Amino acid sequence: MKEPAITEEIIAAHNLTQDEYQRVLTILGREPTFTELGIFSVMWSEHCSYKSSKVHLQHLPTSGPRVLQGPGENAGVVDLGEGLAAVFKMESHNHPSYIEPYQGAATGVGGIIRDIFTMGARPITLLDSLRFGPLTEAKNRYLMGGVVAGISGYGNAVGVPTVGGEVVFAECYSHNPLVNVLCLGIAPVDKLFFARTGGIGNPVIYVGAKTGRDGIHGATMASETFDEKSEERRPTVQVGDPFREKLLIEACLELMQSDVLVGIQDMGAAGLTCSSCEMASRGGTGVEIDVQLVPRRERGMSPYEVMLSESQERMLLVVRQGTEGTVREIFAKYDLDAVVVGRVTGDGMMRVREGNRVVASIPAKALVDDAPVYHRPLMRPVWQDDVQRLNLEEIALPRDYGEVLLRLLASPTIASKAMVWERYDHMLFLNTVVGPGSDAVVLRLKETEKGIALATDGNGRYTFLDPFTGGMIAVAEAARNVVASGGEPVAITNCLNFGDPTRPEIAWQFAEAVRGMGAACRALHTPVTGGNVSLYNETTGKAIFPTPIIGMLGILAHISHATTQTWKAAGDVVALLGETREELGGSEYLKVCHGLLQGRPPMMDLEMEYRVQRCCLEAIQAGLVRSAHDCSDGGLAVALAEACMSNPDRPIGVDVSLADPLRPDALLFGESQSRIILSLREADLDRLKAIASHHGVVVTPIGRTGGDRFICRGRGFHVDLPLSRLDRAWREALPSYFGQREDA
Amino acid sequence: MRFGIIVFPGSNCELDCQWVLHDILGQQAELIWHKEQELKDYDCLILPGGFAHGDYLRTGAIARFSPIMKAVEDHARRGGLVMGICNGFQILCEAGLLPGMLLRNTTLSFICRQVYMRVETTETPFTGTCATGQVLRVPINHNEGRYYADDRTLARLKTNKQVVFRYVTSAGELFEKANPNGSLDHVAGVCNEQRNVLGLMPHPERAAEPLLGSASGRAIFESIINYGRALSPASR
Amino acid sequence: MEMIRAKVYVTLKSGILDPQGETVKGALETLGFAGVQDVRIGKFMVITLNGVGREDATRNIEEMCKKLLANPVIEDYRFEVEEA
Amino acid sequence: MEMIRAKVYVTLKSGILDPQGETVKGALETLGFAGVQDVRIGKFMVITLNGVGREDATRNIEEMCKKLLANPVIEDYRFEVEEA
Ligand SMILES: Nc1ncnc2c1ncn2[C@@H]1O[C@H](COP(=O)(O)OP(=O)(O)O)[C@@H](O)[C@H]1O
Ligand SMILES: [Mg+2]
């Protein structure tokens with residue numbers, strides 16, 4: 001087969017700039033072949049090279065006493081003690097999910113799971129962080145229905161429970177939904193695997209599904225903005241096969257028990273290209289692949305297509321010479337292909353052959369390390385001051401605060417997500433001590449007394465209004481959720497979803513948000529172990545909110561510290577940790593009740609945040625706390641209502657009096673940070689006060705649990721509603737949009 | 001007792017069953033890969049939940065042809081105990097070891113949540129320590145759990161008291177809203193005529209520890225163990 | 001020997017509730033399509049055989065349906081065999 | 001006006017992975033059926049229309065396929081309309 005000649009159009013179609021093409025010429029010392037051009041273009045895409053984000057990410061803190069592996073490998077690794085390690089990472093699959101929601105989300109799940117078991121860990125849990133446009137639009141219902149079905153369809157069948165996550169709605173995600181999935185696995189600390197090649201002559205083995213023309217140029221697609229033409233790119237859609245992936249997990253984990261594996265890498269974005277050259281460059285060797293040996297699903301595939309295919313459920317292994325038989329035997333047990341497709345070489349080249357013909361020969365290290373790095377120009381948007389302006393005097397106070405509360409509870413961002421999580425197996429492996437529906441997920445670690453907590457968070461609206469503060473709050477809130485569940489926050493992974501970084505305002509948002517995250521990670525002692533950057537999230541020039549999503553990992557010293565957000569008994573004291581300020585900027589209340597996206601987000605004092613968290617954790621560990629819930633979207637009133645309702649089997653009312661001399665709407669619905677609502681036995685109140693004063697944290701008893709009404713009073717307001725009304729508003733909101741299925 | 005847990009490609013609840021049987025209840029429990037052709041002398045076989053062969057074509061349709069299934073049938077014919085949970089139930093129906101079929105939930109969606117099921121008969125090895133009418137709180141986790149049988153089969157099931165569990169409210173009532181998947185006559189579990197083969201959609205192994213929210217599924221495993229003990233008091 | 005293509009149709013027995021069909025019917029009505037009386041959803045499989053004569057193919061496909069492709073408790077099947 | 005029956009065939013576009021078909025193919029081979037080259041599994045829908053003329057029916061079904069019955073990203077469709 002003859003390869004096309006390299007023309008300007010072909011270079012442009014590969015999204016390589018003139019400068020980048022010059023760089024290719026320099027590295028090769030000649031013109032690239034067509035296959036080589038394809039390889040450079042995927043390796044140097046934003047998705048694989050982080051060329052626009054690197055200069056900012058390098059300022060994040062990435063080390064700490066518990067971090068065994070920071071960014072750079074397939075996933076981060078944290079020491080849990082007792083010889084166990086947590087391997088975790090988050091990935092986005094935004095663009096594919098817009099094009100085909102079911103398969104886009106499904107293959108996103110499949111991809112992140114591979115990152116985890118590649119490192120030797122058994123994947124035990126998934127969390128999904130989703131953003132959609134308003135459900136009043138049919139297209140958004142279709143997207144959400146498809147994405148949730150895809151996560152459910154793939155995650156359940158592959159046998160990894162989806163135990164938590166979040167769903168948030170805003171107009172800006174209408175043409176650009178976000179699908180971020182976190183996976184965590186557990187491995188013995190001394191049995192971790194890495195993407196390496198080891199000794200020269202080692203065989204390179206391809207395992208898993210056959211290669212088709214799926215998703216060719218998916219990696220470059222994920223780095224482009226959408227336009228009308230995106231529709232035409234559809235035939236590259238990849239279909240996930242959770243059954244094959246389940247077999248692949250079992251086969252790889254079984255292989256890892258034996259002593260044959262040198263290195264292993266999943267084939268994700270940029271498929272065989274990325275996996276082979278990254279292994280070689282990390283191993284400091286070369287690698288040679290013969291595309292003719294690669295198992296194929298379709299006829300007549302060119303070397304270019306084989307190298308760039310993004311067919312799912314495939315892995316690349318390097319094993320010790322002479323152990324090929326062992327590999328074949330284990331994979332045959334699971335009816336999976338395991339084929340030697342190449343070997344490790346000593347010349348540092350990534351060489352691709354088709355039989356005897358060499359179709360690509362590129363220095364592997366240069367391909368990876370000499371990728372372009374951009375210091376994109378930054379500019380604070382001219383409209384930033386405008387959106388931050390908010391004069392509270394111009395905001396009319398509502399007449400009926402109960403009505404406002406009901407509206408907020410029915411707002412899809414706040415409403416119960418039971419309809420979503422009931423479609424996910426969230427119980428498999430018998431670890432789920434706190435499942436979906438509380439601040440963080442808590443899993444026990446069998447055979448130890450410990451547990452782990454996980455939460456995802458990230459408020460795009462705050463980050464839009466003030467990227468630095470938004471970045472800080474994303475980390476702080478995720479940590480607070482972990483603390484409220486009884487865990488000590490130890491490390492994060494993250495997904496950074498932003499617009500087109502070649503626009504200086506977007507680059508500025510990115511830089512600021514990352515700076516904020518870094519500050520919070522330092523203050524809270526939660527280093528970054530990995531993550532993912534998704535840029536170009538815009539359609540026809542309109543970017544999404546800058547949306548950093550944080551996945552926070554915490555450790556529970558004892559599983560008995562696991563704490564949920566719901567009241568446990570009538571007659572308990574309700575106490576508020578932290579202070580409420582007159583802050584309404586960026587709140588859900590302003591958006592839902594006044595149609596405003598305006599103001600500064602609530603202020604974040606990291607030092608105070610840390611003290612509140614330590615105080616809460618110490619109180620939990622001392623056994624004083626019956627329930628804990630952080631105040632976030634919708635403020636104090638919504639958090640109190642959730643604590644009443646979120647155990648459907650046992651709703652318990654509350655009677656609260658608030659004395660603060662603030663505007664009632666700010667007091668009830670403002671989203672001041674660093675606040676946690678606790679419930680405890682009356683007899684324990686003094687001990688809680690002592691702990692709080694030791695940490696310099698304000699604790700205010702505000703009422704009592706009990707009854708079947710929600711009562712909340714203060715200066716200028718008196719809300720008194722039966723729980724059943726709150727419950728209906730909150731629980732029926734999401735299903736009401738899906739009464740008529742459109743995604744059958 | 002000796003439990004054997006059959007692992008099909010795509011099964012995923014085998015470790016959970018083993019955990020409950022071995023680590024919680026102190027029984028022997030071994031995993032058996034579906035390509036095996038012979039079985040050691042197990043007292044009870046468990047076909048666990050999951051997605052054998054990806055649930056492709058029909059749930060359980062391909063798994064019933066696994067090499068091990070011949071031995072499972074022989075074991076059942078000899079009166080050995082077999083319990084299919086969720087996907088295991090689906091496989092037993094496809095294999096003809098249990099009457100009826102499991103169809104797509106009427107909600108058309110996968111459902112994972114706690115439900116209540118009522119013990120309809122204690123005259124099985126799987127419910128011997130329960131009380132008739134006892135309500136168990138056990139989670140379901142399936143896409144195809146709508147029990148179906150033709151009229152004649154259903155009539156026979158009723159006459160023979162082969163309906164072992166029904167979906168009910170927490171108070172034990174047969175209200176429509178307590179039937180999560182549209183099962184015929186609220187059927188959650190059935191046994192064969194000889195009463196040694198049971199299939200049920202809810203997952204008792206997910207309800208065996210208070211830490212995880214419910215321990216009421218334990219009654220089923222304890223009934224089996226009790227039955228085994230009664231059969232051969234000396235050896236166990 | 002030629003290539004044979006078999007088209008297999010598997011449908012739910014009449015009388016068995018087809019919630020997916022019902023839902024599609026409802027959705028079609030919502031979209032404004034009038035006169036939709038009934039929707040039933042089944043499977044359509046295309047099986048390509050190689051190196052098998054037409055008669056053998058027919059016998060084989062019949063057997064595949066009986067054994068695996070359809071479940072007689074809930075489904076009917078029908079197929080056509082043609083040269084590809 | 002007569003009753004119209006439409007048969008709609010929805011199939012995966014060629015080149016799109018069909019994990020279900022692949023798995024069934026493997027199962028057929030395990031069961032000892034020789035010569036199975038390929039299995040692709042799609043949907044077969046039977047839609048009954050009432051009070052709609054044949055021409056309108058044809059136009060409607062075409063539109064139903066486009067809007068709802070097939071997912072144009074990964075599926076093709078084909079249909080036949082007949083008097084029932
Ligand atoms: N997509 C989802 N998948 C699983 N669980 C979810 C999802 N969305 C929300 N949840 C669960 O719903 C609960 C409430 O979510 P959220 O409103 O984001 O909590 P918070 O306000 O504490 O951040 C959490 O327990 C979360 O795990
Ligand atoms: Mg939160």
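Model, not experiment: these values are computed from the prediction.
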Dump the intermediate steps for side chain to side chain contact (heavy atoms under 4.5 Å, CB included) on D/Val39 and C/Val46, then the final yes or no.
CA-CA 6 Å; D/Val39 178; C/Val46 180; over 6 Å; no
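C/Val52 and D/Gly35 get closest at one heavy-atom pair: CG2-CA, 4.4 Å.
Interface check for chain D: of the options C/Val8, C/Leu31, C/Leu28, the most heavy-atom pairs under 4.5 Å are formed by C/Leu28. The greatest number of non-hydrogen atom pairs below 4.5 Å with chain C, out of D/Gln20, D/Arg40, D/Lys25, is found for D/Arg40. Counting heavy-atom pairs closer than 4.5 Å to chain C, the top residue among D/Lys67, D/Gln37, D/Met45 is D/Gln37.
Within the 4.5 angstrom heavy-atom criterion, only side-chain atoms of D/Leu69, from C-beta onward, approach chain C. Heavy-atom distances place both the backbone and the side chain of C/Ile47 under 4.5 Å from chain D. With a threshold of 4.5 angstrom between heavy atoms, C/Ala34 approaches chain D through N, CA, C or O but not through any side-chain atom.
Using a 4.5 Å heavy-atom cutoff, the side chains of C/Met64 and D/Val36 are in contact.
No more than 12 heavy atoms of other residues, nucleotides or ligands sit less than 6.0 Å from atom NZ of C/Lys66. Other residues, nucleotides and ligands contribute over 12 non-hydrogen atoms within 6.0 Å of the CD atom of C/Glu83.
Within the model, atoms CZ of D/Phe33 and CG of C/Leu49 stand 10.0 Å from one another, a figure rounded to the nearest 0.5 Å. Atom CZ of C/Phe44 sits about 11.5 Å away from atom NZ of D/Lys7, to the nearest 0.5 Å.
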